[in-house]
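Remember, it's 1-based here, ligands and their atoms both numbered in the order they're listed. Because the structure is predicted, anything quoted here is derived from the model rather than measured.
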Amino acid sequence: MRIALGADHGGVALKDHLARRLSEQGHQVNDLGTHGDESVDYPDYAKQVAESVSGGGADRGILVCGTGQGMAITANKVHQVRAGVVSDPFSARMIVEHNNAQVLCLGARVIGQGLADTIVDAFLGAEFEGGRHARRVSKIES
Ligand code: RB5
């Protein structure tokens, strides 16, 4: 899978861990930064990742900040991007199966690395169910 990754200073350590892990799993990772501890603005990274997904350059996006919230708020402003903050594996699966989300937002100050790994696995392993959910998702777009 082609996966775009982004983080601010609050999420960079977890993002770097996920980038390594996803690469080792054979995914094609596009790490759009940030790349250090310096304080940066999360909307800059959310925009890049969301536009990569909406433009077809990535199949999925993963964004990490302190809470995941600012990333999700920003990513959802990009046309046809559906992003959500997730802190448990069940929601990670459902946000794809029912909501057809392409962007996962994580809070590095909320969850630990082990839980993040489990959440990412569930998110990437899920597929949209379509059917009645497609009707509902199309109402979001309209
Ligand atoms: C940065 O301090 C923090 O506001 C950011 O990482 C994120 O939690 C915003 O939603």
Check: of Ser39, Gly10, Cys65, min heavy-atom distance to atom 7 (C) of ligand 1 comes from Cys65

Polar side chain donor-acceptor pair, Ser91 to Asp88, under 3.5 angstrom: yes

So which protein heavy atom does atom 8 (O) of ligand 1 come closest to, and at what separation? Thr67 N, 3.0 Å

Give me the residue, atom name and distance of the protein heavy atom closest to atom 10 (O) of ligand 1. Gly70 N, 2.9 Å

Atom 5 (C) of ligand 1: which protein heavy atom is closest, and how many Å away? Asp8 OD2, 3.2 Å

Side chains of Leu63 and Lys15 in contact at under 4.5 Å (non-hydrogen atoms): no

Just to confirm my output: which protein heavy-atom neighbour is closest to atom 4 (O) of ligand 1, and how far is it? Tyr42 CE2, 4.5 Å

Is there a polar contact, in the sense of an N or O pair closer than 3.5 Å, between Gln69 and ligand 1? no

Could you tell me whether Arg60 sits above the aromatic face of Phe123, with NZ or CZ closer than 6.0 angstrom to the six-membered ring centre and within 45 degrees of the axis? yes

Counting neighbours of CD on Gln25 that are heavy atoms of other residues, nucleotides or ligands and sit closer than 6.0 Å, is the number greater than 12? yes

Taking all atoms of both residues into account, what is the closest heavy-atom pair of Leu106 and Ala116, and its distance? CD1-CB, 4.3 Å

Can you tell me the protein heavy atom closest to atom 1 (C) of ligand 1 and the distance? His9 NE2, 3.7 Å

Counting from 1, what ligand 1 atoms have a heavy atom of Gly66 closer than 4.0 Å? 5 (C), 6 (O), 7 (C), 8 (O)

A side-chain contact here means heavy atoms from C-beta on lying under 4.5 Å apart; do Arg82 and Val137 qualify? yes

Look at atom 2 (O) of ligand 1 and say which protein heavy atom is nearest, naming residue and atom and giving the distance to 0.1 Å. Arg109 NH1, 3.4 Å

Does the residue Met71 have a heavy-atom contact with ligand 1, meaning some pair of atoms that are separated by less than 4.0 Å? no

Which distance, rounded to the nearest 0.5 Å, do you find between the CG of Asn30 and the CZ of Arg2? 10.0 Å

